[in-house]
Every structure is written in structure tokens, then in C-alpha cells.
Amino acid sequence: MTGEQAAPPPVVAVAAGPADPPPASLRRKAGRGLGWSLLGNLVMKAGSFVMGLVLARLLAPEDFGIYAVALAATNIVMVVKDLGIMAATIQWRGEIEEMAPTATLLNLFSATALYGVFWVGAPYFAATAGNPEATPVVRLLTAVILVEAITAVRTGVLLRRFQQDRSSIAILAGFVVNAGVAIALAAGGAGPFSFAWGQVAAAVVTGVLVLFFAKMPFRVGFDRGIAKRLLRFGIPSAAGIGLETVLANVGYIIVGNIMGNDRPWLGYYLLAFNVSSWVPGLVGTAIRQVSLAGFSRLAEGKDDELSRGVQGSVALLFATVLPLAVLMGTLAHPIIHVLYGVEWSQSAGVLRFLALLMLVRMMTSFALDILNGQGATRSTVWMNLGYGAAMVPAVIVCTQLEGIRGAAFGQAAAALLVALPLAILAVNRAGVRLRPVLPMLVRPLVGGLACFGVAAALASLTAGNAFVTLCVAGGGGLLTYIVIVVPLDRITSFAERGIRLMTR
């Protein structure tokens with residue numbers, strides 16, 4: 001080792017973790033990890049959905065608005081809290097045990113300093129967002145980064161090993177605690193604090209389980225050479241992902257600042273944003289738990305391995321998410337009415353535009369993972385800076401013109417016209433060939449147009465009953481998309497399997 005190494009404290013966990021998966025088993029390990037991530041996210045999102053329905057009936061829209069401000073602050077600090085050390089842990093070329101003490105120390109220092117900044121700045125942050133009463137909720141909710149500082153390296157180790165089964169169990173256990181605490185406090189009149197206390201409790205439970213599952217010695221030390229390597233990769237990576245998070249959440253701040261508190265506009269906006277985040281939260285989060293490690297390993301192989309892996313992955317992701325975005329935008333009003341009630345109708349107009357934003361966010365986030373996996377972290381910064389330069393003024397102007405619907409339109413337009421082209425340019429400049437992807441997108445685009453036409457027609461025919469509209473138009477549109485996009489032999493094979501299962 002190079003540099004100065006501080007003496008480590010006593011070892012807390014002494015069992016050595018398993019070795020990183022060899023290249024020959026990468027596809028199998030990544031597939032298994034993705035499966036566990038999807039399953040864990042599916043269970044958690046289903047639970048979060050039920051939890052959201054319960055809290056929507058226990059709390060007022062104003063409470064959601066206050067929570068939105070605290071959530072925006074937390075989303076920001078969660079990304080930049082560790083200076084990209086967790087991502088650097090996943091991407092690290094070398095022995096993890098060698099870098100873990102230095103990485104842990106850097107995590108603890110950065111998270112503590114950042115929390116101090118947000119504690120002092122919480123009143124100003126909340127006032128800027130148009131909700132000064134959110135100050136104590138911001139201070140409480142952002143405290144989760146102190147727990148994350150202890151566990152971030154161990155979480156990175158689990159993801160690097162493709163042990164998503166263990167990380168999923170830890171997250172689900174935390175969610176159970178979150179739901180119990182939040183619902184109990186909301187029923188007791190705690191208002192927006194119910195959200196915050198629930199998430200803090202969840203972070204503690206998840207953190208304890210991660211420390212147990214990782215089975216790595218908990219040492220704190222410092223090696224100057226390792227620190228330089230970690231920060232050289234981590235700071236641009238954290239800046240790029242941090243900018244991505246800031247830009248995703250800046251709508252809360254702008255809407256709260258411009259629209260004020262005369263009506264619960266921010267609560268309506270938050271609800272629509274949460275609905276549009278279902279797919280990124282379920283599919284996107286699962287992919288991100290696997291993609292950085294997978295792309296990092298592919299980047300270590302032959303010159304064309306990363307390009308071929310990216311081409312197939314991009315086409316599959318686009319084909320999977322496109323129909324969901326189309327149906328979410330087309331059936332926004334039935335979705336909101338059935339799930340949350342007519343009193344939340346103002347959210348439906350916002351959701352139409354955020355559905356498009358969802359699709360573009362999925363693609364640009366995937367580009368971010370590709371660039372990080374290849375080590376081109378500085379490109380992620382420039383990509384998001386360019387997007388932000390276009391998006392922030394667009395959202396401000398559109399919010400002043402059309403309120404919360406204008407804010408959503410401004411975000412979606414800037415994402416489609418600026419963020420996506422910049423992402424494509426950055427990935428191409430990093431040496432990944434994307435041109436072969438274009439022919440793969442033709443059939444999904446045709447299927448998306450047909451899905452929209454069928455869903456819109458059926459929605460018009462069944463207008464008057466939101467539940468019937470959602471079932472008939474949603475089912476008809478999705479079936480149309482599948483028939484056009486999925487090859488006939490795969491549909492036939494799937495049907496035959498289903499018949500065999502039912503006749504056993």
C-alpha cells in the first residue's frame with residue numbers, strides 16, 4: 001500500500017466475504033442479481049403503493065407538500081453524501097479489503113459535514129421551496145445520511161458481488177418498519193413527521209442488516225493513494241448523479257416557490273411525480289443495482305464487449321418502458337381517479353407530461369450507468385449541466401404560464417430535446433457504438449403508436465366509469481403493443497407453457 005495508513009480500530013465482523021464473481025459467471029450472476037432486485041422492488045413498491053393509499057386518506061395534501069420539500073432535500077443529500085464512494089466501491093479495480101477502511105472514513109467525514117450544512121441551511125431551503133414550516137421535517141429526514149455513511153461501502157460490496165438477494169431482504173425489512181411507524185404516527189396526528197420518522201427507522205433497520213450480510217471487517221483508516229483513486233472516480237460520479245437527482249426534484253422547489261401556499265399545488269404535483277416514478281423506482285432501481293457492476297466488468301473485457309452489451313440492453317429497456325409511459329400518459333385521469341379519488345384530479349394533467357419525462361429519465365439514467373461503468377465520470381457532469389441549463393429556465397417560465405402542468409411540460413420538453421441528445425452524444429464519445437440500436441427501436445415505436453391509438457379509442461368509448469376505462473383501455477392498449485412488438489414464436493412459446501401449467 002502507498003501513502004499513510006492509520007491504525008485500524010478493533011474488527012467488528014471478522015468473517016471474510018465471498019470473492020468477486022469470475023468473468024465466466026458474469027451473465028449468470030448479473031441475471032440472478034437483477035431477478036432479485038426486481039422481486040424486491042416489486043414487493044416494496046406494492047407495499048409502498050398500499051402505504052401511499054392509506055396515508056393519502058390519513059393526511060391532507062398540505063402534509064404531502066411539506067414532505068415533498070423534505071424529500072427533495074433528502075434525495076439530494078443521499079446522492080452526494082459519500083462523494084461517490086459507493087459507486088467507486090462497485091467499480092473498484094482491485095482488492096476490496098484494501099480500500100474499505102479508507103472508503104469508510106471518507107464516507108463518515110463527508111456525510112457528517114453535509115448533514116451539518118443541511119441542518120443550518122434547512123430554514124433557507126424550506127423557504128426557497130415556499131414551505132418554511134418544512135424546516136424541522138427536513139432536518140429529521142436528512143438524518144438518514146448519517147446511517148448511510150456507516151453502511152455505504154458494505155452496500156457497495158453486496159452489489160459488486162451481485163448479492164442483491166441480501167440487499168433486497170435488508171431493504172424490505174426496513175420498509176416493513178417504515179410502514180408501521182409512518183401509518184401509526186399519521187393516525188396519531190403526527191402529520192408530515194410520520195413520513196420522516198418512518199424513513200429514519202427504516203434506515204436503521206436496513207443498515208444493521210447490511211452490516212451483518214456484508215460480513216466485512218469494519219475498519220477505519222486512511223491511505224493517500226487509495227483516497228486519490230476513490231475521489232478521482234467518485235467525485236465526478238457523485239456530481240453527475242447528484243445533478244441528475246437535483247434536476248429530477250427541482251420541480252418541487254420551483255412549484256412551491258412560484259405557486260405559493262394558496263392551494264395545495266405542491267401536494268398535487270408530488271402525487272403525480274410519485275406515480276410517474278413507479279416504473280423508475282421498480283425497474284430503474286433494480287437495473288441500477290446491477291448495471292454499474294455489469295458494465296464495469298464488461299469494460300474490462302474485449303473492446304467490443306461493452307458496446308454489444310449496451311446495444312442489446314438499451315433496446316430491451318426502451319421496448320419495456322415505452323408502453324408503460326404511453327398508457328400512463330393516455331390514461332392519467334382514470335389512474336388518478338381510481339387510485340386516489342376525484343379530489344386529486346389536478347394531478348392527472350401533470351401526470352400526462354411526467355409520463356414522457358419518466359421514459360426519458362430511464363434512458364438517460366441508463367446512459368449515466370454506462371458512463372460510470374466505463375470510468376467516464378466527467379462526461380456525466382457535463383451531460384447534466386447541459387440539461388440543467390435548459391430545464392430550469394424552461395420550468396420557471398412554463399410554471400408561470402400554466403402552473404403545475406406547465407412545470408411538468410417544461411421538465412418533459414427539456415428532457416426529450418436536450419437531456420436525451422446529450423446522453424447519446426456522451427455515450428458515443430466514450431467509445432460505445434449506438435448506431436446498431438436504431439433498427440431495434442422501429443418495432444417498439446410502431447407498437448407504441450398503435451398502443452396509444454387503441455387505448456385512446458377505448459377510453460373514449462368507456463368514458464364515465466374510471467375503473468372500466470382503466471381495465472379495458474389499458475388492457476387493450478397493452479395487448480396491441482405485445483402483438484406488434486413481441487415476436488410470434490415467443491408469444492406462442494409462452495402460451496404453450498401456460499397451457500401446460502394449467503393442465504397439470
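Excluded from the calculations below are hydrogen atoms, water molecules and symmetry mates; all remaining heavy atoms, backbone and side chain alike, are included.
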Checklist entry - Do Gln199 and Leu141 come close enough that some side-chain heavy atom pair is under 4.5 Å? => result yes

Next on the checklist: Quick check: do Val314 and Met440 have side-chain heavy atoms less than 4.5 Å from each other?
Outcome noted: no

Checklist entry - Quick one: does Thr364's side chain have a donor or acceptor within less than 3.5 Å of a partner on Leu420's backbone? => result no

Checklist entry - Within the side chain of Tyr481, is there an N or O that forms a donor-acceptor pair under 3.5 Å with the backbone of Ala319? => result yes

Checklist entry - Run the side chain to side chain contact (heavy atoms under 4.5 Å, CB included) check on Val350 and Gln346 step by step: do they pass? => result CA-CA 7 Å; Val350 177; Gln346 295 284 351; over 6 Å; no

Should we say atom [atom1] of [X] is surrounded by more than 12 heavy atoms from elsewhere, each under 6.0 Å from it?
X	atom1	value
Glu343	CD	yes
Tyr340	OH	yes
Arg352	CZ	yes

Nearest 0.5 angstrom please: [X] [atom1] to [Y] [atom2], how far?
X	Y	atom1	atom2	answer
Ser379	Leu422	OG	CG	11.0 Å
Phe366	Leu316	CZ	CG	8.5 Å
Leu351	Tyr268	CG	OH	15.5 Å
Phe318	Thr320	CZ	OG1	10.5 Å
Met362	Leu322	CE	CG	11.5 Å
Arg361	Leu368	CZ	CG	12.0 Å

Do you know the tightest heavy-atom contact between [X] and [Y]?
X	Y	answer
Ile335	Leu327	CD1-O, 4.3 Å
Ala203	Val147	O-CG1, 3.3 Å
Cys451	Gly477	SG-O, 3.3 Å
Val392	Ile254	O-CD1, 4.2 Å
Val326	Thr330	O-OG1, 2.7 Å
Ala196	Leu140	CB-CD2, 3.5 Å

Checklist entry - Where do Ile404 and Phe273 land on the side chain to side chain contact (heavy atoms under 4.5 Å, CB included) test, with the steps shown first? => result CA-CA 11 Å; Ile404 55 177; Phe273 190 84; over 6 Å; no

Checklist entry - Parallel, tilted or perpendicular: which describes the rings of Phe118 and Phe125, with under 30° parallel and over 60° perpendicular? => result tilted

Item to check | Worked check of side chain to side chain donor-acceptor pair (under 3.5 Å) between His337 and Ser345 | outcome: CA-CA 7 Å; His337 290 177; Ser345 293; 2.9 Å; yes

Next on the checklist: Determine whether Val321 and Met363 satisfy the following criterion, side chain to side chain contact (heavy atoms under 4.5 Å, CB included), listing intermediate values before the conclusion.
Outcome noted: CA-CA 9 Å; Val321 178; Met363 305 309 296; over 6 Å; no

